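Notes for the one structure printed next.
Both ligands and their constituent atoms are indexed starting at 1 by order of listing. When reading the values below, keep in mind they use all heavy atoms of this one structure, side chains included, and skip hydrogens, waters and symmetry mates. All values reported here derive from a predicted model rather than from experimental measurement.
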Amino acid sequence: MKETSEATIDKILKAQREFFGTHKTKSVEFRRNQLRKFKSAIEKNEKKITNALHQDLHKSYEEAYLTEVSIVLQELQNHIKNVKKWSKPQTVSTPLHLLPSRGSLHHEPLGVSLIIAPWNYPLQLLMNPLVGAISAGCCAVLKPSEFTPNTSQVMQEIIAETFVENYITLVQGGQETGEMLLRKRWDLIFFTGSTAVGKIVMKAAAEHLTPVVLELGGKSPCIVDETANLEVAARRIAWGKTINAGQTCIAPDYLLAHESIKEELIEKITDSFKEMFGSYPQESRFYPRIIHQRAFDRLKGLMQDGKLKSGGELDRDNRYIAPTILDKVDKSDPVMQQEIFGPILPVLSYSNVEEALSYINQNEKPLALYYFGKEKNAREILTKTTSGGVCINDTLMHITNHHLPFGGVGGSGMGQYHGKESFKTFSNQRAVVKTPTWIDMSFKYVPFKHFKWIKKFI
Ligand code: NAD
């Protein structure tokens, strides 16, 4: 992947600053038109996008549509419908001592934003933040991952055909381009990727006091207790672990299974893998591939831990790893020390839920947490843990509700987006107080006449 030169980036940034300075992006009609154009462009290019995703990750048309294209289209529809309402100044209540002033909240665009995305959902994770940027009235420079060249190329064409360069531009490149972009001054950096690079982003942003949104990863636990419907739990876990071959930030990373149901659960998950992909998942058109050989080698290394219960087949040339379950892993094994980000499911068992909760709480705060079992137990788990999002008796599905914000907490990130949260993320919430001049109360001025009365009112 060719890197973008510093001169090009400086030119784009200068042009975007000038364009933002014209205040054109602040008109709600302008924003809605851009969102409508963007939606038509995605619809028109649907086939090109899904073909590119197949080339890069072997995603089936169905998976590419459901987990990438449709997510962006729904987000666009939601913003087209609501941006006018969200943009209206909101009157707030006025405390007695401020009367007859009136307070209101105005959302104004932060300015020129930088959006950096990873490779695992290359379309969705670059375009969804962009919807928020447009709807808030920001300009944006986009940098996709260098590891999905086909999808990145299609996205570059779509962006170039749909928007003028001094409003929204996509630049290609890898780490070098990323580092150069981070040296520049932005009004917001929206980063999705690994925790390690997230730290680099935040350090660079501190130099200019630029706000950041960090959508990071980590190990999302999945607890299954003896009250769970094992049939359904197994199917939903198997599905969440094999969508995009486990290369999903909110995939259930590892299982914490009650010792009384562990064996049965493992058998049922194995059966579910078979139901979805047959006896030879490598031959299934629905089973994606590992992004590159470096990731393949890392995952192969993690498969040495514990005891192999199912799967385990590998094909390096094809970057194929079968859905795999590892039992009897140790908490100190590499597979339990790093985010897996592949189709490997290690299983830990527990006898008392406190053990499971204490293990989760010793580690970084996860991006997602899954629990399968009865409502009464779910309440305890919610109270005694934290995470960016939660599904009770399901996996992944919380991300599909655009009325819920999406984001991490602590080590899994900061800031949230989707739906109205995206609009707010790219906006400055400006506090405005309007005060009439027909009256000018003297008590706030020195020498504070009637001080005793003022004390009673505030
Ligand atoms: P990554 O951090 O390696 O790369 C992400 C982006 O940052 C890429 O565009 C890359 O080119 C760029 N980059 C790499 N090094 C850089 C540097 N030094 N300076 C500036 N930019 C740099 O992540 P990845 O391997 O592409 O993606 C996998 C990670 O992303 C996993 O940890 C996963 O959990 C996380 N992720 C999180 C979410 C979420 O929504 N929270 C979604 C998807 C993936």
Side-chain angles (χ1 to χ4, degrees), residues 1-4 9 56-57 67-68 71 75 114-129 132 141-149 151-152 155-156 170-184 186 189-205 207 210 212-220 243-253 290-292 294-296 298-299 338-342 364-369 387-389 396 398-400 404-418 421-422 425:
M1 169 72 57
K2 208 167 155 261
E3 304 285 345
T4 300
I9 287 167
D56 288 329
L57 283 148
T67 66
E68 303 241 34
I71 304 262
E75 184 75 2
L114 170 66
I115 301 173
I116 299 182
W119 50 261
N120 60 333
Y121 291 86
L123 180 88
Q124 193 217 122
L125 296 173
L126 194 70
M127 299 308 195
N128 254 16
V141 173
L142 316 172
K143 197 205 81 65
S145 169
E146 64 276 36
F147 296 117
T148 46
T151 315
S152 295
M155 291 194 294
Q156 185 164 29
L170 185 150
V171 296
Q172 303 280 8
Q175 185 178 334
E176 195 183 309
T177 304
E179 285 172 355
M180 195 199 302
L181 287 164
L182 291 181
R183 286 198 293 273
K184 307 294 166 192
W186 305 93
I189 301 176
F190 190 109
F191 172 80
T192 307
S194 62
T195 304
V197 180
K199 288 180 186 173
I200 295 172
V201 171
M202 198 161 168
K203 272 191 199 147
E207 201 51 46
T210 300
V212 289
V213 174
L214 301 178
E215 299 285 341
L216 310 178
K219 291 183 86 63
S220 298
I243 281 273
N244 202 20
Q247 301 166 112
T248 302
C249 56
I250 49 170
D253 185 275
I290 305 305
I291 184 70
H292 45 53
R294 189 158 42 87
F296 177 95
R298 182 183 65 82
L299 290 165
Q338 51 181 278
E339 179 182 13
I340 297 171
F341 223 54
E364 289 290 350
K365 294 174 183 171
L367 184 57
L369 185 143
S387 63
L396 316 188
H398 61 298
I399 200 173
T400 64
L404 285 173
F406 181 79
V409 54
S412 54
M414 61 184 70
Q416 295 175 317
Y417 75 130
H418 289 187
E421 282 314 306
S422 292
T425 287

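- Within 6.0 Å of the CD atom in Q156, the count of heavy atoms belonging to other residues, nucleotides or ligands exceeds 12.
- No more than 12 heavy atoms of other residues, nucleotides or ligands sit less than 6.0 Å from atom NZ of K365.
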Intermediate values then yes/no, side chain to side chain donor-acceptor pair (under 3.5 Å), D56 and T151:
CA-CA 7 Å; D56 288 329; T151 315; 2.6 Å; yes
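- Of the inter-residue distances, the one linking T4 atom OG1 with L181 atom CG reads 7.5 Å to the nearest 0.5 angstrom.
- Enumerated by chain and number, the residues approaching ligand 1 to less than 4.0 Å through a heavy atom are I116, A117, P118, W119, N120, L125, K143, P144, S145, E146, G174, Q175, G178, E179, L182, F191, T192, G193, S194, V197, I200, E215, L216, G217, C249, E339, F341, L367, F406.
- When ring centroids are compared, F341 and W119 come within the 6.0 Å threshold.
- Between H418 and F406, the ring planes lie parallel to each other; the angle is under 30°, not in the 30° to 60° tilted range.
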